[in-house]
Structures are given as structure tokens and as C-alpha cells.
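Here's the structure, in C-alpha cells; my notes come after.
These values consider heavy atoms only, across backbone and side chains, with no hydrogens, waters or symmetry-generated copies. No experiment lies behind these values; they were computed from the predicted model shown.
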Amino acid sequence: MLHEQTVLTDAQREIIEQLADELYRNQPALAFTGAGISTESGIPDYRGPNGLWSKQNPTKFRDFLNDVEVRRRYWQRRRERYPLLARTQPNTGHRALARLQAAGYLQEIITQNIDGLHQKAGSDPSLVIELHGTAHEIRCLVCGARWPAEEFDPGPEGTVPDCPVCGGLVKEATVSFGESLDKETLRRALGLAETAAVLLVVGTSLSVYPAAYVPRRALQHGATVAVVNNEPTPIDSQARYVLYAPAGAVLDELASLLAG
């Protein structure tokens with residue numbers, strides 16, 4: 001694991017100790033996570049130098065709806081990539097957040113990720129809010145039917161599957177570029193942000209909206225915010241704690257202080 005090669009500095013450990021004290025004294029606490037927490041599991045982020053954004057153009061929702069060739073390419077990529085995602089395992093960062101939840105120091109995890117690794121790490125699915133949906137389900141864009149990905153047959157290569165219920169368009173249950181977030185999911189996340197005493201912001205550039213409104217809403221309502229990221233974010237000047245370090249190393253240290 002990457003974190004095992006990371007030596008936290010004394011200054012970073014001091015900040016983590018202060019953050020642990022903050023979580024011990026103040027509740028409720030939430031986590032807001034992005035792609036940076038999953039890179040240690042081998043999943044590339046979108047916007048980093050080696051990210052998916054720099055290597056290919058993501059499928060735009062309007063193009064998916066209007067162009068059968070776009071849908072054909074989309075499903076071919078999914079056939080190739082989903083088995084790898086399904087085998088991917090959570091890392092120390094995911095497991096540390098699950099430990100903090102189990103010990104009562106962390107409530108919901110609000111995530112921009114679609115990989116399901118928080119749940120694989122042991123977090124209660126009802127306490128993981130997936131703002132951008134999940135790659136582990138398939139949904140019909142017409143009738144709303146949904147299937148676990150492992151139970152849905154996309155058909156042979158080169159074909160585009162249809163909904164077995166109504167014949168409509170189907171895609172993975174993620175929010176594509178240009179597609180609106182589920183209103184109720186976003187409303188729940190923003191509502192939790194308004195009541196949070198502490199918010200851990202982990203592994204996100206905070207450049208994707210409307211998801212990035214969540215930590216800003218927490219700040220507006222007086223939450224203590226801690227940022228754990230490899231690079232600066234737009235809210236660092238407003239956060240009480242800022243740690244430029246791999247998520248796994250920081251969260252493992254934090255969970256060890258609080259949850260043993």
C-alpha cells in the first residue's frame with residue numbers, strides 16, 4: 001500500500017492529533033470523499049496528470065442519448081473495464097473511515113466516487129451517499145428499473161443492450177457528464193452538511209459541481225473542516241486543518257488514535 005511508504009512528519013502527526021481531539025469532542029462528523037481516496041486502490045482519478053480526463057474524453061449524456069455509436073462505444077468500454085473495477089479492493093483510507101464509523105466518531109460518508117469501495121471496506125451502505133451514483137448497478141433511463149451489474153447481461157460485443165422490461169435505453173447507474181444529479185440525494189447531502197460539526201474532506205479537488213457545494217455549505221454553517229489531499233484545494237484558506245498527504249496514511253493514523 002502507498003501509505004506504508006509514506007512517513008508522516010511530526011508536524012502532520014500533530015495536526016492529526018488535533019483533528020482526533022476535534023472528532024472526539026464534536027459531533028456529528030461527516031466525510032466528503034473524492035477520487036483521491038481510491039487512487040491507492042489503483043483507480044486513476046479524472047483530473048490528475050495520469051487521470052482518465054487526460055487520456056480520453058468522457059461520454060457526454062446528451063451524446064449517449066442521441067447517438068447509437070456513442071452507446072456502442074460506451075458499452076464496449078464498460079465490458080472491458082467493469083470486471084477490473086469489480087475486483088478492486090478498498091485500501092487503508094476506506095477501511096479507516098469504516099473504523100471511525102463503527103466506533104461512532106463518523107456518521108455519513110458523502111462520496112463523489114462510483115466505485116463502491118466504502119461499502120466494500122465495511123461502511124453501512126445506508127450511511128454512504130453516492131452523489132454520482134454507482135457503477136455496480138445498471139438502470140433504465142425510461143422506466144427506472146435497476147439491476148445489480150453482475151446480474152445484467154449486456155449481450156455480445158459490439159451490441160447495445162436494451163431494457164428487458166420496457167425496451168428503453170440502459171446505462172450504468174452513474175451520473176454522466178451533462179446529466180443532473182439526483183435531487184433527493186443532493187438535498188440529503190447538503191442538509192447533512194448544514195448540521196455537521198466536523199467535515200473531513202478527503203481526496204478531492206473540489207472542482208466538480210454541484211457536489212463541491214457540500215463542503216462550502218458546511219463552512220457556511222460553521223462546521224470545522226479538515227482537508228486531506230495531495231494538492232491544494234479552493235477551500236484550504238477556510239479549513240481549520242489542512243494536510244497535504246496520501247489519504248491512507250492520514251486516515252489510518254486518525255483511526256488508530258480514536259478507534260484503536
Side-chain angles (χ1 to χ4, degrees), residues 1-3 30-48 51-53 58-59 61 74-75 77-102 106-141 144-154 161 170-177 179-182 184-186 188-189 192 200-205 208 211-212 214 228-229 246-248 251-252 255:
M1 289 295 183
L2 178 59
H3 88 277
L30 308 173
F32 179 80
T33 68
I37 196 172
S38 293
T39 55
E40 294 175 48
S41 290
I43 298 178
D45 64 16
Y46 273 92
R47 297 176 183 273
L52 297 178
W53 185 281
T59 300
F61 188 56
Y74 171 93
W75 276 101
R77 288 197 299 269
R78 179 172 168 86
R79 289 184 185 95
E80 295 168 356
R81 294 176 180 172
Y82 181 71
L84 177 61
L85 177 64
R87 294 193 299 269
T88 302
Q89 295 301 309
N91 61 58
T92 301
H94 299 107
R95 290 192 292 269
L97 290 182
R99 287 162 60 198
L100 288 169
Q101 283 184 312
L106 185 67
Q107 297 187 21
E108 285 84 354
I109 297 171
I110 303 168
T111 186
Q112 299 173 89
N113 299 337
I114 61 173
D115 52 40
L117 292 180
H118 286 300
Q119 296 92 321
K120 270 191 177 182
S123 289
D124 184 338
S126 69
L127 298 179
V128 179
I129 301 173
E130 297 173 307
L131 289 176
H132 294 152
T134 175
H136 299 292
E137 291 184 5
I138 304 298
R139 65 184 171 105
C140 176
L141 300 179
R146 298 172 77 104
W147 303 266
E150 65 271 15
E151 297 178 9
F152 184 87
D153 182 7
V170 291
K171 66 184 288 290
E172 67 182 19
T174 58
V175 178
S176 298
F177 285 83
E179 185 179 4
S180 297
L181 270 65
D182 178 75
E184 184 54 39
T185 301
L186 180 60
R188 181 186 174 196
L192 289 168
L200 306 180
V201 177
V202 183
T204 173
S205 63
V208 177
V214 171
V228 181
N229 201 42
L251 296 177
D252 188 43

Output the distance between atom [atom1] ([X]) and atom [atom2] ([Y]), rounded to the nearest 0.5 Å.
X	Y	atom1	atom2	value
L117	L97	CG	CG	12.0 Å
D153	E151	CG	CD	12.0 Å
L127	H118	CG	NE2	12.0 Å
I37	I109	CD1	CD1	7.0 Å
T111	Q119	OG1	CD	8.5 Å

Specify the closest pair of heavy atoms between [X] and [Y], including all atoms of both residues, with the distance to one decimal.
X	Y	result
C140	W147	N-CZ3, 4.1 Å
V175	S180	CG1-O, 4.0 Å
A31	L106	N-CD1, 3.6 Å
A135	A149	O-CB, 4.1 Å
W75	K171	CZ2-CA, 3.8 Å
G248	T92	O-CG2, 3.8 Å

Under-4.0 Å salt bridge between D252 and R95: no

R81/E172 salt bridge by N-O under 4.0 Å criterion: no

Between the side chain of [X] and the main-chain N/O of [Y], is any donor-acceptor distance below 3.5 Å?
X	Y	value
S38	A35	no
H132	Q112	yes
S41	Q89	yes
R79	P154	yes

Does the side chain of [Y] come within less than 4.5 Å of [X]'s, by heavy atoms?
X	Y	result
F32	L131	yes
V228	L200	no
R78	T59	no
Q107	L30	yes
N229	V201	no
E130	E137	no
N113	I43	no
D115	T88	no

Residues which pass side-chain hydrogen bond (donor to acceptor under 3.5 Å, both in side chains) with S126, listed by chain and number, not counting sequence neighbours: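 So S126 forms a side-chain hydrogen bond (donor to acceptor under 3.5 Å, both in side chains) with D124.
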
Ring pair (Phe, Tyr, Trp, His ring centres under 6.0 Å) against H136, all qualifying residues, sequence neighbours excluded: Y82

Partner set under ring pair (Phe, Tyr, Trp, His ring centres under 6.0 Å) for F61, not counting sequence neighbours: none

S123 and H94 side chains, donor-acceptor separation under 3.5 Å: no

